[in-house]
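The shown structure was predicted, so the numbers you read here are calculated from the model rather than taken from an experiment. Labels below follow one simple rule: chain letters A, B, ... track the order of the sequence lines, proteins then strands, and each chain is numbered from 1. Side-chain atoms are counted along with the backbone in the values below, which use heavy atoms only and exclude waters and symmetry mates.
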Amino acid sequence: MENIILSVLVENRSGVLSRTAGLFARRGFNIEGLSVGETEDPSVSRMTIVVKGDEWVVEQVCKQLNKQIDVIKVKKLDESLSTRRELALIKVKADPKIRGEIIDITTIMKSNIVDLSPTSLTVEICDRPERVELLQKLLEPYGILEMARAGMVAIQKGDGALGY
Amino acid sequence: MVNCLMKEQVPVIFGYPGATIAPFYDALASSGIRHILTRTEQGAGHAASGYARITGRPGVCVATSGPGATNMFTAIATAYSDSIPLVAITGQVATYQLGRDVFQEVDTTGAAEPFTKYSYLVKSADDLARVFKEAFYIASTGRKGPVLIDVPVDVQKQLADFNYPDRTSIRGYKPTYDGHPLQIKKAADAIRRAKKPLICCGGGLLSSGSEVLVRRFCEAAKLPCVSTMMGIGAISPNHPLYFGMLGQSGVHTANTAVGESDLLILLGARVGDRAFTRPSSLESEATIIHIDIDTAEIGKNMGTTIPIVGDLYRVLEQLEQKNLQGTWDEWLGYLGALREEDKGSRPVNAQTVDPNALVRLLCRYLPENSVYVADVGQNQIWSARNYSIDGRFLTTGGMGTMGYSIPAAIGAKLASKDKTVAAVCGDGAFQMSMNELATMRQHDAPVKIVVMRNGKLGMVREIQQSSYGGREIAVDLTGSPDLSLIAQAYGIPYALVNDMDNAEKIIGGMLNADGACLIECLIDPKEGTIWKT
């Protein structure tokens, strides 16, 4: 069982997100992550869906998605042939005495500090999922107060584009 | 909206009015479209389904918002599971009232989403023409199914210019019609090499109008056939190449054929769990060719060796060109002998009304080309196993909705005035839909109704007997009405059949006479559907 990344082009209409989520729930497919936004064409949105499953699950997910009237195109993205990004905002306990250590970590991990208070700071990272995981692990010992993580966004490498 | 229906050449619609669909009904009154008022919205949906299955065009059903729509959901879900084309129109509260829990408001499109092919909530009258054009297109193409159009009452009252599009194109919906030539070749090669090939007829053959074609194809290639419940009638049940219905409630010959076949060719069958009880062992024992218009069904429940995505009619035409000739006389002989054995092994109990013999008797007296509508339960199984006319067999295979037969038969009758239409049900299902006898009378759609009465919810009782140590609960229908008085109340001729002798006399008379009738047959509650073989 592994995580599969699907890039799905859909009609930019109300109800499409609900239909897609409903489809996954109904058929028992596990959504690990989901993000959606407009593309360069305002009538089309792109959903990036991360699904956990075996070969049968992947085939059925793609087929059931394609069946949907609002779905224009479905492509499975190869991990090594795509650029994948996740955004996370992590609020960490940061006493002035140890703030320096935390800043070291965030600098090495090429992330930014976007908020500061006398007892905390908020780190913003936009990177491959593995590096987001790593930053979270490195910050955990200091005490994570809260965290907001967005679904993965992905796009094929090279000059190919999902056509329709 | 009415203009759209006229552009789609819809002559009849089935519905039940209410406050939020009143503007539509007002426009309907001055159109040439015939409206059939049923006695519940569920009946309207089932009637539209029966109508659609006979005409091949989408059936149209209409309801008001809130409870009107929710009452129709069962019929829509039933059509969805059997891939029947339907366009369901519902009224909705005004656009500025949506989401405020006003009178008779329900999230119709949200609630119906799991069992519609697509749905529309129309926010402006300017969208109506495009929506209707798309809805009819989606409902009647690819894998057919119900499409719902929800129209708020203020949108119904808006003024708009009427321009019905000539054609429609939906970029996310492009059904495949022709089978891939390479896959066709692979399939033809596999058939030539097979020693024990078997065709499994599914509902897709009827949905695609391929009955004549599939018969010609099987005869030329001498291919033996079995069918799922939804595929009954694709091949005439009396055809020498037909070996019965397979599955949990199927006949022994058909199930043996499936088990011993080395090449299984599925035509428009979705490998439902009642038809295929052990798909994973089947896929390892035989080569499977799966032909279906819905690619998502191929590989869903059973792995496939040779998938062919396409419209069955086109694919069968392509396969016909391969001029396949059968070389499996021994296999045919073997199946024929099994079939004879099966026929002989059923003793008929003449003291009561034997349900299997009853269905065969009905079929003897129903004219060829009749429409036989089976309800759900034990009676459905007896009907499916013993149906033997070359006509149309309609039932709910996917959803198994009790109460389907009477309203669906009414819809079927309205679509085929010159044919005899029979609805066969149990006494439980009869009580679920006997209100539609008024519809039958009001709109002159006479149906021959046969009630197999055993005073029980027979199938559930059988399950309780076999799986719950015989502990019966909630299956007793004491308190049911006197059916002779119900028939009288609705002005229909009535007859009681209580053994096989008077069965012969009564049924002949009732089925030969014109008009509706109610034939009550007393069945022993101990009769079962599980045959010992």
Side-chain angles (χ1 to χ4, degrees), chain A residues 4 6-31 34 36 38-49 51 53-76 161-164, chain B residues 77 80 83 95 98-99 107-123 127 130-131 134-135 137-139 141-148 150 168-176 270-271 279-280 283 290 292-304 307 309:
Chain A
I4 316 293
L6 297 173
S7 194
V8 188
L9 294 181
V10 300
E11 300 282 352
N12 186 6
R13 278 183 207 152
S14 64
V16 179
L17 181 58
S18 161
R19 275 204 184 101
T20 310
L23 165 70
F24 278 68
R26 199 156 49 243
R27 301 220 172 240
F29 301 138
N30 287 320
I31 303 184
L34 190 151
V36 57
E38 259 184 44
T39 62
E40 68 286 355
D41 176 347
S43 74
V44 179
S45 292
R46 180 192 297 256
M47 283 189 172
T48 308
I49 309 177
V51 187
D54 60 16
E55 227 181 276
W56 177 88
V57 168
V58 175
E59 192 189 322
Q60 271 297 302
V61 168
C62 290
K63 282 179 165 181
Q64 295 291 346
L65 274 172
N66 263 314
K67 228 172 126 165
Q68 295 250 308
I69 308 278
D70 288 324
V71 169
I72 301 165
K73 193 106 182 204
V74 178
K75 187 176 168 83
K76 180 169 158 239
L162 214 53
Y164 56 93
Chain B
Y80 183 75
S83 306
T95 50
L98 283 168
D107 178 6
T108 309
T109 48
E113 204 264 298
F115 39 80
T116 47
K117 205 171 161 187
Y118 199 61
S119 63
Y120 297 89
L121 171 59
V122 185
K123 297 266 182 79
D127 295 331
R130 173 189 62 85
V131 164
E134 281 183 12
Y137 173 63
I138 294 170
T141 54
R143 181 181 185 173
K144 302 179 188 182
V147 177
L148 186 135
D150 197 25
T168 184
S169 172
I170 302 171
R171 59 187 166 183
Y173 178 67
K174 306 258 179 254
T176 305
R270 64 186 177 92
V271 192
S280 42
E283 68 180 88
H290 196 165
D292 205 294
I293 198 159
D294 183 354
T295 169
E297 289 301 327
I298 300 176
K300 186 184 86 182
N301 291 333
M302 183 160 74
T304 307
V309 182

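Within the 4.5 angstrom heavy-atom criterion, atoms from both the backbone and the side chain of B:S119 approach chain A. When heavy atoms are compared at a cutoff of 4.5 Å, B:L121 does not approach chain A at all. With a 4.5 angstrom heavy-atom cutoff, B:E297 touches chain A only via side-chain atoms.
In this structure, NZ on B:K123 lies 5.5 Å from OG on A:S14, to the nearest 0.5 angstrom. Residue B:I170 holds its CD1 atom at 11.5 Å from CD1 of A:I72, rounded to the nearest 0.5 Å. With values rounded to the nearest 0.5 angstrom, A:Q68 atom CD is found 13.0 Å from B:Y173 atom OH. Here OG1 of B:T295 is found 7.0 Å from CD of A:E59. Values are rounded to the nearest 0.5 Å. With values rounded to the nearest 0.5 angstrom, A:I69 atom CD1 is found 9.0 Å from B:Y137 atom OH.
The shortest distance between side-chain heavy atoms of B:R171 and A:V44 falls below 4.5 Å. Between A:K63 and B:K300 there is no side-chain heavy-atom pair separated by less than 4.5 Å.
In this structure, the side chain of A:W56 engages the main chain of B:G299 through a donor-acceptor pair within 3.5 Å.
Of the residues considered (A:K73, A:E11, A:R26, A:R13), A:R26 shows the highest number of contacts with chain B, using heavy-atom pairs under 4.5 Å.
The two residues A:Q64 and B:A296 come nearest to each other via the heavy atoms NE2-CB, 3.7 Å.
More than 12 heavy atoms of other shown residues, nucleotides or ligands fall within 6.0 angstrom of atom NZ in B:K174.
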